[in-house]
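Whatever order the structure lists ligands and atoms in, that order sets their numbers, starting from 1.
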Amino acid sequence: MKFPYSEKVLEHFRNPRNVGQIENPDGKAVEGSPACGDMVAVYIKVDSKTQKIKDIKFESYGCASNIATGSIITELAKGKTLQEAKKINWKQASEALGGLPSIKVHCSVLAVEGLRAAIQDYEDRHGVVKKKEPTTEKVVRKRLRHVMNPLTGLDVVRTNLIKEINIEKGVVKIKVGLPPDHQFASNIKEEITEKIKPLWDVEEVNVLFVDESE
Ligand code: FES
């Protein structure tokens, strides 16, 4: 059987490097693709002195191209500083893999975005690079884009589940458009809290479920 993939893609697909999770990662992110509904998760450990990525792992719920790209970007990023790793783009990833079919570009973009988001997560948690900016609705919304809506495999912002965000004196209130007894309610609540709580000026996160159909 002839695959439309380079040898390198197939090799990384069959033997992906750095697969799995990291316990207590310094940064992590889950990215979903609007094109196909697939997901990729990236975990990093960072040396706080040198700002280098000392360990990186990924999990893919995507296709062969996504797995191969996840594998190659973890290889490219390992040992690099956060600033260097941020610059890794899909073109480099695709070149390192000997090319990807153009229909598969979104798959490599997804893995690259996962890496960037994991770095962003590290920076948000540790207040590096940027000055400590106060948490605004925009900041919260951006982070919520990394919380998946298990019903669709896309994030909760894009799928319109976030009905309201209110921030007052370190307390972030988020209204989610699902019945409180929904099978994924506690899971979504946990993930939202996990994303918002680490922000430096957030003391409390309240996630409320509002049943829109009532
Ligand atoms: Fe979904 Fe490739 S088709 S990640």
Side-chain angles (χ1 to χ4, degrees), residues 1-22 25 27-45 53 55-78 80 82 84-122 141-162 178 183-184 187-188 190-192 194-195:
M1 184 172 171
K2 176 120 182 51
F3 295 102
Y5 293 122
S6 71
E7 266 312 306
K8 196 95 193 264
V9 172
L10 289 175
E11 203 272 311
H12 274 268
F13 166 56
R14 291 184 182 125
N15 308 298
R17 329 292 198 261
N18 307 309
V19 172
Q21 296 187 356
I22 294 179
K28 71 169 182 187
V30 180
E31 285 286 324
S33 161
C36 63
D38 289 331
M39 279 187 243
V40 65
V42 178
Y43 307 81
I44 53 172
K45 272 273 183 206
I53 298 179
D55 198 11
I56 175 162
K57 287 209 177 351
F58 82 103
E59 292 173 305
S60 166
Y61 307 90
C63 65
S65 296
N66 186 268
I67 294 172
T69 313
S71 171
I72 203 92
I73 57 150
T74 57
E75 284 206 320
L76 292 173
K78 209 174 203 168
K80 287 210 167 67
L82 296 177
E84 289 163 349
K86 265 190 219 173
K87 293 192 195 123
I88 297 171
N89 57 32
W90 67 266
K91 196 159 167 267
Q92 273 168 294
S94 160
E95 275 169 16
L97 285 170
L100 282 169
S102 54
I103 192 170
K104 291 287 174 184
V105 165
H106 75 267
C107 315
S108 46
V109 169
L110 183 61
V112 171
E113 281 179 355
L115 169 64
R116 290 203 185 139
I119 295 173
Q120 178 77 49
D121 181 48
Y122 173 84
R141 213 164 259 282
K142 201 166 150 213
R143 286 185 74 86
L144 291 181
R145 289 189 69 122
H146 301 295
V147 174
M148 290 299 144
N149 172 354
L151 297 173
T152 60
L154 293 175
D155 69 82
V156 293
V157 176
R158 212 172 333 211
T159 51
N160 232 357
L161 272 192
I162 303 302
L178 276 182
Q183 57 166 330
F184 292 125
N187 177 286
I188 291 179
E190 209 175 293
E191 277 200 44
I192 291 179
E194 210 182 291
K195 280 281 170 266

Can you give each donor-acceptor pair under 3.5 Å made by side-chain atoms of residues 93-113, sequence neighbours left out, with the distance rounded to 0.1 Å?
unit_1 : atom_1 : unit_2 : atom_2 : d
Ser108 : OG     : Val105 : O      : 3.0

Does Arg145 reach the main-chain N or O of Val156 with its side chain, forming a donor-acceptor pair under 3.5 Å? no
Mind counting the protein N, O or S atoms sitting less than 2.8 Å from atom 2 (Fe) of ligand 1? 2
Go through the steps for Asn18 and Lys78 under the test side-chain contact (heavy atoms from CB on, under 4.5 Å), then give the verdict. CA-CA 10 Å; Asn18 307 309; Lys78 209 174 203 168; 3.3 Å; yes
What residue among Lys195, Glu31, Glu191 forms side chain to side chain donor-acceptor pair (under 3.5 Å) with His146? Glu31
Could you check Lys80 against Glu75 for salt bridge (charged side-chain N to carboxylate O under 4.0 Å, His left out), going step by step and ending with a plain yes or no? CA-CA 10 Å; Lys80 287 210 167 67; Glu75 284 206 320; over 6 Å; no
Can you check whether Ile22 reaches Ile44 side chain to side chain, under 4.5 Å on heavy atoms? no
